[in-house]
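Owing to the predicted nature of the structure, the values given are computational and were not obtained by experimental measurement.
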Amino acid sequence: CGSQIYLHDKLLLSSSIPNPLCREIVERLRKSRLPACFERPDKILYDSSSCDLPDAIQKLKKVTVTEDISLYTTQKYENLTNYGATIEGTKTTTFDKFLVFPTAESDRQEFRKFADQHFTCFVHEDAAWELAQKSHSKATGIQFLADYLGASIENTYAFGDSTNDLPMLKYAKTSIA
């Protein structure tokens, strides 16, 4: 969602959620009984301590590198988002966005009051919420790349098939959905 931009395997832009806010997100999700996974460039984090993991997270565990933050030591959890910090010999980074999987037992309303202050929420068929930093979207990604390459927005194309693509599709000169 525009928080990580690569060109020819070179990282051009990276934006992560600040450390205190990352920890607050995890605590509020636990309190609201909302299962979630957290995206970062090197792996997907999830939290098995608050509730049963939905099938979507179980499937992710089979196809990508994942890590359960409920198994972190106190020191590693406190340093969850310190980019480049070495904790117990493991480099840790922050997460950039996250997916929430509401259930019947979840306190959706309370969490959304908090989340909507900080994030843009894309609802995917009411089965998942994708929460991205308000300051970054696929549209800001197009603008960043256009500026970086010295290109005009008039020469941009966007292709998308999901609700999180809508800002990009509206921003680009030519869009295909």
[Y] and [X], any side-chain heavy atoms less than 4.5 Å apart:
X      : Y      : answer
Leu12  : Tyr148 : yes
Ser137 : Thr120 : no
Phe111 : Trp129 : yes
Tyr157 : Ile176 : no
Leu34  : Pro102 : yes
Asp47  : Val26  : yes
Lys97  : Glu130 : yes
Ser135 : Phe119 : no

Side-chain H-bond candidate by donor/acceptor type, [X] with [Y], under 3.5 Å:
X     : Y     : value
Arg30 : Ser49 : yes
Ser70 : Ser48 : yes
Asp96 : Gln4  : yes

Taking a hydrophobic cluster as the set of Ile, Leu, Val, Met, Phe, Trp and Tyr residues connected by side-chain heavy atoms closer than 4.5 Å, whether directly or through intermediates, do [X] and [Y] fall within one such cluster?
X      : Y      : result
Leu13  : Leu149 : yes
Ile44  : Leu53  : no
Phe159 : Leu169 : no
Val123 : Leu131 : yes
Leu99  : Ile25  : no

Return yes if some donor-acceptor pair links the side-chain N/O of [X] with the main-chain N/O of [Y] below 3.5 Å, else return no.
X      : Y      : value
Thr64  : Leu60  : no
Thr156 : Lys173 : yes
Ser106 : Arg33  : yes
Ser32  : Leu29  : no

Note: [X]-[Y] ion pair, threshold 4.0 Å (strictly below):
X      : Y      : value
Lys43  : Glu67  : yes
Arg23  : Glu27  : no
Asp165 : Lys138 : yes

Shortest non-hydrogen separation from Cys37 to Phe101 and the atoms involved: SG-CE1, 4.0 Å
Minimum heavy-atom distance Gln133-Ser3, with the two atoms named: NE2-CB, 3.6 Å
Atom [atom1] of [X] and atom [atom2] of [Y]: how far apart are they, to the nearest 0.5 Å?
X      : Y      : atom1 : atom2 : result
Phe144 : Ile5   : CZ    : CD1   : 5.5 Å
Ile17  : Glu24  : CD1   : CD    : 11.5 Å
Thr66  : Lys59  : OG1   : NZ    : 15.5 Å
Leu21  : Ser16  : CG    : OG    : 11.5 Å
Ile57  : Asp52  : CD1   : CG    : 11.0 Å
His118 : Phe114 : NE2   : CZ    : 4.5 Å

Other residues, nucleotides, ligands: >12 heavy atoms within 6.0 Å of Gln117 CD: yes
Aromatic ring pairing Phe38/Phe95, orientation class (parallel under 30°, perpendicular over 60°, tilted between): tilted
